[in-house]
Amino acid sequence: MPALETVDVAVVGAGPAGLAAALAAAECGLRVALLDERSLPGGQYLLPGHAHGGALTESERLGGDLLRRLETGQVDWRPGVTVWNVEAGLTLGLFADGRATTLAAGAIVLASGAREQVAPFPGWTLPGVMTAGAAQLLAKRHGVLPGRRVLVAGSGPLLLAVAAKLSALGATVVAVLEASRPAQWLSHAPAARGQGGRFAEGWRYLSDLRKARVAYRFGSAVVAAQGAERVESVTVAPLDRAGRPLREGRSVVAVDALCVSFGFTPNVELAQLAGAWMVFDPLRGGWAPQVDENLESTASGLFVAGETGGVGGAGLALLTGRVAGLAAARRLGALSQDDLERAKAGLAGRRKRELRFAGMLNAVCAPPGGLSEIITDETIVCRCEEVTAGELRAAVREAAGIRTLDALKVWTRIGQGPCQGRTCGPIAGRLIAAEAGCSPEAAGTFAVRPPARPLPLGALAALEAAGDAA
Amino acid sequence: MSRMPDVAVIGAGIVGAACAYSLARAGLSVLALERDFPAAGTSRACDGLILCCDKTSPAELELAQVSAGLWAGLAEGLDLDFEYGNTGVIVVYATVEGLEAGRKQAIDRCGCGVKVEMLDAAGLLALEPNLAPDLAGGIYYLDEAQVDARRATLALLQAARRCGAELRQGVSVTGLRRDAGGRVVAALTTEGEIEAGAFVLAAGVWSNEIAASAGLQLPVRPRKGTILVTSAAPGMIQHPLLEGSYAASVHADTSAAQVALVAEMTAGGTLLLGSSREFVGFDRSVSRAVAQAIAARAMRYLPALAERNVIRAYAGLRPWSPDHLPLIGPVAGVPGLYLATGHEGAGIGLAPVTGEIIARWLIDPAYGKSQATSGLARTVWPGRFGDLIQDAAAVRAAA
Ligand SMILES: Cc1cc2nc3c(=O)[nH]c(=O)nc-3n(C[C@H](O)[C@H](O)[C@H](O)COP(=O)(O)OP(=O)(O)OC[C@H]3O[C@@H](n4cnc5c(N)ncnc54)[C@H](O)[C@@H]3O)c2cc1C
Ligand SMILES: Cc1cc2nc3c(=O)[nH]c(=O)nc-3n(C[C@H](O)[C@H](O)[C@H](O)COP(=O)(O)OP(=O)(O)OC[C@H]3O[C@@H](n4cnc5c(N)ncnc54)[C@H](O)[C@@H]3O)c2cc1C
């Protein structure tokens, strides 16, 4: 048997949550490995150049502190490592530099973040159509604009941030279309208490946009994109209360790029691999692992931090990361129960406020169910395998009993390409729900089996040998 | 279906689907009962090869040949395309000794009408340039075919329904009820009792628990198989490939995991790399060690795959039977019950012939006894395992 490499705590993901978890566990004197497939720590939030001109937000300041502490070497920081397996016995499968290895841990903290949600419409696969997050990344990292005349649409605060950034870099932002309505936000008003900083940030974006004469419209969405080689124009429609696009009041807008996104949904594949029980919770952004008050999943020793446990922004990620790191230390006996409880109590108030606010964002920003109507039968839902909405609908009708993504996979090739349904899973879930008259929850998730990330066959074949050498 | 059906088929995997189709086409009224959805069991977690090259006895070979002929007809006749292709299969050998042994068996099979072409090392590479250059040679079985097992299941079911069969999904059979005469008259299900003139038990590896409710003990056990799926690799192989030791791995009934390479390309261009054989109960998870072993076999034969990504893996449970032949037909002492299970690693290939045998039994109860059947029905007759009634008291109690 090859010697298995062992650490006390393995943290997957070096975003705000992973950083906080790793450093908290290291504070307790544990040997901690922090793994991320990216080459830089910070995750989606603490990107170099993230700060918009002015002052740092509190999360950015706190995150910056963590990044500096990482440099002191308390934590074994391993960039460029992709995690492709998590076994219930707390062994990870890693891939880095062309080699697959395993790493056994006394506790694992999953902090693999969340991904953007999209809602397809005819033309969404045209070049020039991208997610708002992708546009943001292009702009921030590489100073590249998605186009010169850009429409930003979908829901949630990211739209504002992206529009402001693109506008500042010189793009003409034709409009920002927010699918939700002010009334929806007002009904959640109590959740916004204590979030002055966030509103100030939003306000700053809005006023920047107003100066740039960018229209901001509630209750409307893109229902189609047109173009020969790439997007040339988009059709915009007002939505009714259920999010169904109306016939009247539509307009066609000339653009050369379109940025869309509807909030985020947790990256839960690794938790599923470990056998953790999943729950569907719209307030957390969709499917998320069930956790106890110490953020331990139902897979013993597997803790969940940050947006993997529920979409909630960088502030909540920092808080849950710290709790998960300390709870992992408690499991390994490096922290007393009293100390853990004290630490948790100190963070409880802020955690609760952040959770409430996150719940509001997730509830309001989820893709409106009514939008499924605009998905014509020709629209591709699974981009990897080019499965159309028509094929999925036909399967639901023909099979007169298909209610699950799992069953759809037997009838069509959905979710069987390189991305393994990460993008199309939630979309197809909503489509089934609309078609079969059930909830997206009933549609379930695709089954996840190793490798959770594409892994070169040669590396998998050499797995034992790689372990030997380590 | 308003009146009681002539026959209820329990399980809508490929075997149940084929039975429903043959029965409905023979004019019987058919009700198929499926716990989850069609192909939810093993028929979605397998390869789709229709093989003669791994059959070791003339009786088994005959069964496979009849079924292969039926598949060719179904490919023409059914409406739903199930990606039937008959490019043949190449069995590849790493050693000269292995190749020699393989040739002897191939020559025996030729005597039964199987078409083969012997390939030396150069001939093998000419047909499959991406194979490792140091192999001894291969045997090209020209008539072998492949299907997409899931779509084939759906195609059979769709055809069955067009002949009037009814499919009820999400209905789990929890037991069988027998009348005073011992006849199976109803299925106990999660949706209440369902009566039928006869019952075909086609629930794959899950048949045992249902049979047990009628006091029967079937010798079927789950034998797990794992498959790795690569990203699209167009042109990587021209034919499905089998490692020479494949047949031996089928017949090695040890509990240790057996791994022999099976490489098949789907219509979508992804490669299915299998497969393993292990007895680990009903566990369908993919184990790291087995995945690695399959990858290593694949690398030995197709080193060009080194940089190809594995994007997915899955495992299915073959319904193993002690003599590697299915159990198809009536059960002595239990009128009204017909078995169609135990197909192990050949259920895709053998599904159509299973349906035909079952249909003949139901139309003509004397079928198995008649001389004219040339032994097909007898080869797979469940009675070859002796008395399957394990618990006579339970049988009486059930009645
Ligand atoms: C464009 C954009 C703008 C945003 N703006 C704001 C804002 O203004 N204010 C705010 O509060 N929030 C904002 N957010 C949200 C914020 O980024 C997240 O809330 C925060 O990053 C969540 O932290 P996390 O640690 O949970 O996950 P992430 O920061 O997403 O980190 C997860 C890490 O896990 C790694 N990872 C995932 N899977 C694997 C794997 N299998 N193997 C190895 N590594 C893996 C990823 O590479 C990533 O580095 C924004 C998000 C985006 C995309
Ligand atoms: C890795 C692997 C590779 C394979 N490759 C090949 C190959 O290349 N060629 C080949 O011919 N064969 C192959 N096989 C074998 C083949 O897959 C099986 O023999 C075949 O699928 C068995 O079909 P079935 O219909 O008997 O069982 P299943 O497909 O398992 O169908 C049984 C059905 O019964 C249902 N059911 C279970 N319990 C109940 C209940 N209580 N009530 C109602 N319904 C119930 C299940 O949901 C299921 O749908 C392979 C198998 C594996 C695992």
Side-chain angles (χ1 to χ4, degrees), chain A residues 1-2 82 84-89 91-93 95 98 100 102 273-275 384-387 394-396 398-404 406-413 415-421 446-467, chain B residues 12 34 36-41 43-45 80 148-151 153-154 157-158 161 167-171 226 228-233 266-271 273 284-289 291-300 302-315:
Chain A
M1 280 299 283
T82 300
W84 55 270
N85 195 17
V86 183
E87 291 169 33
T91 299
L92 296 173
F95 178 69
T102 54
L273 270 185
C384 299
E385 294 289 324
E386 303 194 333
V387 179
V396 174
E398 172 81 13
I402 282 195
R403 293 283 187 280
T404 64
D406 196 33
L408 261 193
K409 223 169 155 177
V410 166
W411 284 74
T412 71
R413 294 195 52 78
Q416 291 171 44
C419 100
Q420 289 294 294
F446 288 127
V448 183
R449 285 176 291 262
R453 288 295 173 88
L455 180 66
L457 189 90
L460 176 58
L463 177 66
E464 302 285 333
Chain B
E34 166 56 48
D36 295 318
F37 47 84
S43 304
R44 73 178 303 188
L80 192 72
D148 180 321
R150 289 169 303 185
R151 292 195 66 80
T153 305
L154 300 177
L157 275 177
Q158 186 190 62
R161 288 159 89 179
L167 167 67
R168 283 178 66 184
Q169 308 176 64
V171 181
T226 301
L228 309 180
V229 186
T230 71
S231 54
T266 67
T270 57
L271 273 186
L273 301 173
R284 279 197 273 180
S285 64
V286 170
S287 96
R288 163 171 42 101
Q292 192 240 330
I294 294 172
R297 293 321 289 161
M299 284 295 294
R300 166 69 186 94
L302 289 164
L305 284 174
E307 298 299 318
R308 290 287 163 175
N309 279 331
V310 177
I311 59 170
R312 172 169 91 245
Y314 56 78

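Reckoned from all heavy atoms, side chains included, excluding hydrogens, waters and symmetry mates. Quick note on labels: first sequence line is chain A, next is B, and so on, each numbered from 1.
In this structure, chain A has no heavy atom under 4.5 Å from any part of B:Ala40. Only the side chain of B:Leu273 comes within less than 4.5 Å of a heavy atom in chain A; its backbone stays farther off. When heavy atoms are compared at a cutoff of 4.5 Å, A:Glu386 does not approach chain B at all. Looking at B:Leu305, both its backbone and its side chain come within 4.5 Å of chain A, counting heavy atoms on both sides. Neither the backbone nor the side chain of B:Ile294 comes within contact range of chain A, judged by heavy atoms closer than 4.5 Å.
Nearest heavy-atom pair, A:Pro456 versus B:Asn309, reported as atom, atom and distance to 0.1 Å: N-OD1, 3.2 Å. The two residues B:Ala313 and A:Arg449 come nearest to each other via the heavy atoms O-NE, 2.8 Å. The heavy-atom pair separating B:Met299 from A:Ala461 by the smallest distance is CG-CB, 3.6 Å. The two atoms that bring A:Pro450 and B:Val286 nearest to each other are CG-O, 3.8 Å, heavy atoms only. Of all non-hydrogen atoms in B:Ala39 and A:Val410, the two that sit nearest each other are CB-CG1, 3.9 Å.
Here the CZ-NZ distance, from B:Arg44 to A:Lys409, works out to 7.0 Å after rounding to the nearest 0.5 Å. Annotation: the span from B:Thr266 atom OG1 to A:Gln416 atom CD amounts to 8.5 Å, rounded to 0.5 Å. Here the CG atom belonging to A:Leu457 is positioned 10.5 Å from the CD atom belonging to B:Gln292, to the nearest 0.5 angstrom. Annotation: the span from A:Arg413 atom CZ to B:Asp148 atom CG amounts to 7.5 Å, rounded to 0.5 Å. Residue B:Leu228 holds its CG atom at 6.5 Å from CG of A:Leu460, rounded to the nearest 0.5 Å. With rounding to the nearest 0.5 Å, the separation of CG in A:Leu455 from CZ in B:Arg312 is 15.0 Å.
Top candidate by heavy-atom pairs under 4.5 Å with chain A, chosen from B:Ser285, B:Ala306, B:Ala293, B:Pro303, is B:Ala306. Interface remark: of the candidates A:Val448, A:Asp406, A:Asn85, A:Asp406 forms the most heavy-atom pairs closer than 4.5 Å to chain B.
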